[in-house]
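Every heavy atom of this structure was used, including side-chain atoms; hydrogens, water molecules and symmetry mates were not.
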Amino acid sequence: MADYFAFQWHILDDCDQRCKHCYIFAEDNNKPLHTMKFEDMEKVINNALDMCKKTNRKPYFSITGGDPILHPNFWDLLEIFHEKNIDYSIMGNPFHLTDEVCKRLANLSCRQYQLSLDGLRKTHDYFRKPGSFDITLEKIQTLQNAGVRASIMTTVSKVNIGEIPHLIDVVVSNHVDLFSFARYCPTGEEKDSHVAPDEYKQLLEKVWEKYNEYKDSNTYFNLKDHLWTLFLYEKGIFKIPENLKDDVIYDGCNCGNSHLTILPTGDVFACRRMDSKVGNALTDDLFEIFAGDEMNNYRQFEKFEKCSKCELLRFCRGCPAVSYGYTNNMYAADPQCWKVIV
């Protein structure tokens with residue numbers, strides 16, 4: 001079977017929340033809110049399918065926003081995916097997930113619905129809005145009763161880092177299907193959320209203990225952050241395979257390899273978590289975008305100031321978007337990488 005190519009597709013900006021770490025509403029920027037027209041959504045799908053045909057990839061769409069369920073053509077989009085047998089999942093809010101809505105999602109072949117928990121109750125509701133924590137836990141069961149996998153994603157920052165191990169207890173006790181976390185990417189001049197490298201490594205140690213404690217639970221733990229590779233390498237669990245080509249990227253950050261983000265305006269980003277516009281899906285051919293010079297900037301791995309000197313270059317590379325958030329330079333050293341390069 002062909003490998004997947006992932007499209008993170010923001011079909012609108014509007015949302016029921018104004019999360020403090022949101023890329024859309026950060027810093028009270030008062031940006032205009034866009035909603036992609038249905039005819040343009042059809043163009044994007046055809047463009048993406050054509051690209052995947054040319055690259056022998058199978059498309060996978062992560063539909064998000066804003067809150068994608070607020071889009072006036074949300075169900076029309078899902079009907080297309082269902083009819084064309086296109087794999088997709090949704091990243092959204094819990095507020096509109098009634099029994100009827102979740103059953104409809106299941107009938108339209110939604111594989112997974114991702115919700116967010118950014119700490120325990122007080123912290124999560126601080127980041128998002130009052131009551132959001134309890135509603136999120138409630139809707140996990142609503143999704144699963146309808147036959148849709150419920151996943152939880154957490155954004156780790158200085159504010160909530162101490163709560164993550166306890167949050168794992170919560171997601172396991174609520175029978176979440178999948179749990180993962182990523183690090184916060186600072187926006188603008190806001191840098192006070194910085195987590196020191198040793199502090200982040202200590203978090204991974206504690207989380208790894210939790211994951212092993214719950215290894216027989218119904219929750220799958222996705223090692224989303226690529227610094228897990230370094231962590232497991234130092235423990236002797238991950239080993240660099242022998243007889244691999246030196247000039248091939250085998251794992252790590254998918255930016256430039258198997259991922260694109262599409263915004264409601266059609267703008268295409270190499271990564272949504274940093275300023276990385278490379279074209280527009282409504283006016284440009286996605287295959288040409290992906291194979292073009294703009295995207296090549298994200299494949300120049302020899303420019304990574306620290307990673308290029310590390311034996312894990314082909315498997316890790318940390319998070320270039322986090323580096324960009326702190327330094328405005330995606331090639332800079334990952335701010336949470338603890339490895340000493342001599």
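Using a 4.5 Å heavy-atom cutoff, the side chains of D125 and R128 are not in contact. Two residues are said to be in side-chain contact when any heavy atoms from C-beta on lie closer than 4.5 Å; L117 and L137 meet this criterion. Taking the side chain as every heavy atom from C-beta outward, T35 and H71 approach each other to under 4.5 Å. By the 4.5 Å heavy-atom criterion applied to side chains, E138 and L97 are not counted as neighbours. L178 has its side chain out of reach of I152: every pair of non-hydrogen atoms, C-beta onward, lies at least 4.5 Å apart. Between I80 and D76, every side-chain heavy-atom pair lies at or beyond the 4.5 Å cut-off. I86 places none of its side-chain heavy atoms less than 4.5 Å from the side chain of K58. In this structure, F269 and L260 have side chains that are not in contact, with every pair of non-hydrogen atoms separated by 4.5 Å or more.
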*Run the numbers on S132 and H124 for side-chain hydrogen bond (donor to acceptor under 3.5 Å, both in side chains), then give the verdict.*
CA-CA 7 Å; S132 176; H124 174 84; 2.9 Å; yes
*Does the pair T219 and H175 meet the rule for a side chain to side chain contact (heavy atoms under 4.5 Å, CB included), with working shown?*
CA-CA 6 Å; T219 302; H175 309 291; 5.9 Å; no
*Does the side chain to side chain contact (heavy atoms under 4.5 Å, CB included) test come out yes or no for N222 and W228, once each step is laid out?*
CA-CA 10 Å; N222 182 14; W228 275 115; over 6 Å; no
*Do D3 and R57 pass the salt bridge (charged side-chain N to carboxylate O under 4.0 Å, His left out) test, and can you show the C-alpha distance, the side-chain angles, and the key distance before you say yes or no?*
CA-CA 5 Å; D3 292 332; R57 297 288 188 92; 5.2 Å; no
*Step-by-step side-chain hydrogen bond (donor to acceptor under 3.5 Å, both in side chains) determination, S109 to H82*: CA-CA 6 Å; S109 307; H82 180 65; 2.7 Å; yes
*Give the C-alpha distance, both sets of side-chain angles, the deciding distance and a yes or no for salt bridge (charged side-chain N to carboxylate O under 4.0 Å, His left out) between K53 and D50.*
CA-CA 5 Å; K53 183 178 180 180; D50 182 64; over 6 Å; no
*Assess whether side chain to side chain contact (heavy atoms under 4.5 Å, CB included) is satisfied between W9 and M36, documenting all intermediate values.*
CA-CA 10 Å; W9 189 4; M36 183 173 283; 3.7 Å; yes
_From CA spacing to verdict: side chain to side chain contact (heavy atoms under 4.5 Å, CB included), E288, M51_ = CA-CA 8 Å; E288 293 182 1; M51 174 193 164; over 6 Å; no
_Run the salt bridge (charged side-chain N to carboxylate O under 4.0 Å, His left out) test on K277 and E294 for me, step by step, so that the C-alpha distance in whole Å, both residues' side-chain angles and the decisive distance to 0.1 Å come before the verdict._
CA-CA 8 Å; K277 182 180 174 181; E294 289 286 339; over 6 Å; no
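For N47 (side chain) and D285 (main-chain N/O), no donor-acceptor pair under 3.5 Å exists by modelled atom type. Between the side chain of Y88 and the backbone N or O of C110 there is at least one donor-acceptor pair closer than 3.5 Å. Side chain of D284 to backbone of N280: a donor-acceptor contact under 3.5 angstrom is found. Proximity of a side-chain donor or acceptor of S180 to a complementary backbone N or O of K224 within less than 3.5 Å is not detected. For R149 (side chain) and L143 (main-chain N/O), no donor-acceptor pair under 3.5 Å exists by modelled atom type. Y324 places no side-chain N or O within 3.5 Å of a backbone atom of S276 that could act as its donor or acceptor partner. With hydrogens and angles ignored, the 3.5 Å screen pairs a side-chain donor or acceptor of E163 with a backbone N or O of L120. Side-chain N or O atoms of Q336 include one that pairs as donor or acceptor with a backbone N or O of V195 at under 3.5 Å. Checked by atom type and distance alone, the side chain of H226 never pairs as donor or acceptor with a backbone atom of C316 at under 3.5 Å. Side-chain atoms of T229 never come within 3.5 Å of backbone atoms of L227 as a donor-acceptor pair (strictly under, hydrogens ignored).
Under the 4.5 Å side-chain contact rule for hydrophobic residues, L115 and F61 share a cluster. Both L312 and F301 are part of a single hydrophobic cluster, where members link through side-chain heavy atoms under 4.5 Å apart. Residues I90 and L70 are members of one and the same hydrophobic cluster, defined by side-chain heavy-atom contacts under 4.5 angstrom among Ile, Leu, Val, Met, Phe, Trp and Tyr. One hydrophobic cluster, built from ILVMFWY side chains closer than 4.5 Å, holds both V44 and F81. Hydrophobic clustering of Ile, Leu, Val, Met, Phe, Trp and Tyr side chains at less than 4.5 Å, counting indirect connections, unites I11 with L282.
Below 30°, between 30° and 60°, or above 60°: for Y214 and F221 the angle between ring planes is between 30° and 60°, a tilted geometry. Aromatic ring orientation, F231 versus W208: perpendicular (interplanar angle above 60°, classes split at 30° and 60°).
Heavy atoms from other residues, nucleotides or ligands lying under 6.0 Å from NZ of K306 number more than 12. Within a 6.0 Å sphere centred on CD of E39, other residues, nucleotides and ligands contribute more than 12 heavy atoms. Crowding of N212 atom CG: a count of heavy atoms from other residues, nucleotides or ligands under 6.0 Å exceeding 12. Counting non-hydrogen atoms of other residues, nucleotides and ligands closer than 6.0 Å to NZ of K37 gives a total of 12 or fewer.
The pair D40-K43 counts as a salt bridge, with a side-chain nitrogen and a carboxylate oxygen less than 4.0 angstrom apart. Note on R314 versus D251: no salt bridge recorded, every NZ/NE/NH1/NH2 to OD/OE distance being 4.0 Å or above. Ion pairing between E205 and K210 fails under the 4.0 Å rule for side-chain N and carboxylate O.
For F238 and F315, the gap between ring centers is short of 6.0 Å.
Looking at every heavy atom in both residues, A321 comes nearest to R273 through CB-CB, 3.6 Å. Taking every heavy atom of both residues into account, H96 and I69 meet most closely at CD2-CG2, 3.7 Å. Considering all non-hydrogen atoms of both residues, M274 and C255 come closest at CE-SG, 4.2 Å.
Counting only N and O atoms by type, the side chains of E234 and W338 include a donor and acceptor under 3.5 Å apart. A donor and an acceptor atom, one from each side chain of H34 and T265, are nowhere located under 3.5 Å apart. A side-chain N or O of Q144 and one of D177 form a donor-acceptor pair less than 3.5 Å apart. A donor-acceptor contact closer than 3.5 angstrom is absent between the side chains of E42 and N46. R104 and N107 share no donor-acceptor pair across their side chains, judged by distance under 3.5 Å alone. For the residue pair N329/E305, the side-chain donor-acceptor check at 3.5 Å is satisfied.
Sequence neighbours left out, the pairs with a member in residues 327-342 that pass salt bridge (Lys or Arg N to Asp or Glu O under 4.0 Å) are R183-D334, E311-K339.
Among residues two or more places apart in sequence or in another chain, the side-chain contact (heavy atoms from CB on, under 4.5 Å) test is passed with N160 by D118, T123, F127, T154, V156, S157, I164.
Screening Y60, F287, F290 against F5 for a ring-ring contact (aromatic ring centres under 6.0 Å, His included) leaves a single residue, F290.
Relative to the ring axis of F304, K309 does not place its NZ or CZ within 45° and under 6.0 Å from the centre.
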